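Notes to accompany the following structure.
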Amino acid sequence: EVTVADDYATPALANAEALVTYIAQRPPGPDETAAVRGFLERGGRWFAIHTSNAVPSDCALPSVIGSRFPAHPPYGPFRVEITKPHDPLLAGIEAFEVEDELYVVEQQDGLEVLLHAHWGGSVRAVAVAEAKQPLMYRRRVGAGEIVYLALGHCNPAGVVTGGATVGERRGSWQSSEFRDLVRRCVQWAAGSS
């Protein structure tokens, strides 16, 4: 049974076994964050995609999900590297190229990075040192676990970004490796892997 909701405080979360989010600009309030923490602490699995961690700096969600997205360099191509090749979610997947938004995230403790990209430069006039930028990680919360996958930007033609109208962007969704990762992570969240 699947329930679709536009917030984290849905009554279904109290009895859910899995949570999948692919959400933008929807920061949860304190009650919603507490509901997600409770879901995880009792053993739930959360697969969070792309902007699931795009929240204001005063939001408590990063203390649960393990990161916060503040910015990214311009949309473009980059190489995705495998950090933990022996993890079951990554079995048989080799490094691959994508066009996407390369998220530069503020990290919390307890992240087991599975995928990364090497990047350094300037984001919103802030210099970022060349480093491994985590693109996918696991994090334990109580008896539960989160898998976060930063890739996944897409938009229809005609969207205005940075003051310019852009064409259709399918981002990582064009990549068979990314689609395989999404499938595996949904199966993992549902407890079937």
Side-chain angles (χ1 to χ4, degrees), residues 2 4 18-26 44-55 61-62 64-108 111-121 123 128 130-140 144-159 161-162 166-193:
V2 175
V4 178
L19 173 63
V20 177
T21 57
Y22 185 34
I23 190 168
Q25 306 305 317
R26 177 57 188 85
R45 287 182 171 186
W46 179 13
F47 173 41
I49 306 172
H50 197 48
T51 54
S52 295
N53 64 350
V55 296
L61 187 68
V64 177
I65 195 171
S67 65
R68 186 180 84 84
F69 159 72
H72 61 77
Y75 178 93
F78 56 91
R79 184 172 177 81
V80 176
E81 300 287 344
I82 312 302
T83 314
K84 298 277 185 180
H86 301 297
D87 187 283
L89 292 174
L90 303 175
I93 294 180
E94 303 287 332
F96 58 101
E97 301 283 330
V98 295
E99 275 194 9
D100 207 319
E101 296 172 336
L102 197 163
Y103 276 18
V104 178
V105 299
E106 297 169 352
Q107 301 173 50
Q108 303 280 321
L111 305 185
E112 179 188 357
V113 177
L114 305 176
L115 298 176
H116 69 275
H118 291 277
W119 187 82
V123 177
V128 176
E130 176 77 30
K132 290 181 178 180
Q133 303 297 333
L135 298 176
M136 182 176 175
Y137 63 77
R138 288 181 183 271
R139 184 173 200 239
R140 297 214 49 91
E145 192 172 18
I146 298 159
V147 169
Y148 171 71
L149 179 58
L151 303 172
H153 179 80
C154 61
N155 63 256
V159 168
T161 182
V166 299
E168 179 183 45
R169 291 178 173 166
R170 299 180 76 202
S172 294
W173 292 100
Q174 297 179 103
S175 161
S176 61
E177 292 90 350
F178 175 75
R179 292 190 309 272
D180 194 26
L181 285 169
V182 169
R183 179 186 54 76
R184 291 177 187 193
C185 289
V186 168
Q187 290 173 335
W188 164 83
S192 58
S193 68

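Below, all heavy atoms of this structure are taken into account, side chains as well, without hydrogens, waters or symmetry copies. Quick caveat, the model's predicted, so the values are computed rather than measured.
- Looking only at distances, a side-chain donor or acceptor of R179 sits under 3.5 Å from a matching main-chain atom of Q174.
- Taking 4.5 Å as the limit, some side-chain heavy atom of P73 sits within range of a side-chain heavy atom of V123.
- Distance NE2/H116 to CZ/R79: 10.0 Å, rounded to 0.5 Å.
- Between the R169 side chain and the D100 main chain, no donor and acceptor come within less than 3.5 Å of each other.
- Counting heavy atoms from C-beta on, the side chains of E101 and H50 come closer than 4.5 Å.
- Taking the side chain as every heavy atom from C-beta outward, V182 and Y22 never approach each other to under 4.5 Å.
- For E130, the CD atom sits in a packed shell: over 12 heavy atoms of surrounding residues, nucleotides or ligands are nearer than 6.0 Å.
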Q | Working for side-chain contact (heavy atoms from CB on, under 4.5 Å), residues L90 and T83 | A | CA-CA 9 Å; L90 303 175; T83 314; over 6 Å; no
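- For the pair P62/N53, no side-chain contact is recorded, criterion being any heavy-atom separation below 4.5 Å from C-beta on.
- Separation of atoms OG (S172) and CG (L149) is listed at 7.5 Å; rounding is to 0.5 Å.
- In this pair, Y103 and H72 present their aromatic rings parallel. The plane angle is below 30°, not in the 30 to 60° band.
- The structure places CD1 of I49 at 6.0 Å from CZ of F178, a figure rounded to the nearest 0.5 Å.
- Of all heavy-atom pairs spanning L61 and S52, the tightest one is CD2-O, 3.6 Å.
- Every residue was checked against the salt bridge (Lys or Arg N to Asp or Glu O under 4.0 Å) condition with E99, not counting sequence neighbours, and none meets it.
- Taken to the nearest 0.5 Å, the OH atom of Y137 stands 8.5 Å off from the CD atom of Q108.
- Atom CD1 in I93 sits 7.0 Å away from atom CD in E177 (nearest 0.5 Å).
- Residues L102 and Q133 are in side-chain contact: their nearest non-hydrogen atoms beyond the backbone lie under 4.5 Å apart.
- Scanning all heavy atoms of the two residues, the minimum distance from P70 to V105 falls at CD-CA, 4.0 Å.
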**Q.** Worked check of side-chain contact (heavy atoms from CB on, under 4.5 Å) between M136 and L181
**A.** CA-CA 10 Å; M136 182 176 175; L181 285 169; 4.2 Å; yes
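- Using a 4.5 Å heavy-atom threshold, the side chains of L111 and Y148 count as separate.
- The minimum heavy-atom distance between G152 and W173, with the atom names listed, is O-NE1, 3.1 Å.
- Put simply, the side chain of T21 does not reach to within 4.5 Å of the side chain of T51, judged on heavy atoms.
- Judged by distance alone, with hydrogens and angles left aside, the side-chain atoms of R139 form no donor-acceptor pair with the main-chain N or O of I146 at under 3.5 Å.
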(Q) Before you tell me yes or no, could you show the steps for Y75 and N155 under side-chain contact (heavy atoms from CB on, under 4.5 Å), namely the whole-Å CA-CA distance, both residues' side-chain angles and the distance that decides it to 0.1 Å? (A) CA-CA 11 Å; Y75 178 93; N155 63 256; 5.8 Å; no
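- Shown here are the salt bridge (Lys or Arg N to Asp or Glu O under 4.0 Å) partners of R140, two or more places apart in sequence or in another chain: E145.
- Across all their heavy atoms, V147 and R138 have their closest contact at CG2-CG, 3.9 Å.
- Taking CZ from F47 and CG from L89, the interatomic distance works out to 9.0 Å, rounded to the nearest 0.5 Å.
- Counting heavy atoms from C-beta on, the side chains of L135 and F78 come closer than 4.5 Å.
- Closest non-hydrogen pair, R45 versus G191, comes out as NH1-CA, 3.8 Å.
- At least one donor-acceptor pair under 3.5 Å links the side chain of R68 to the backbone N or O of V55.
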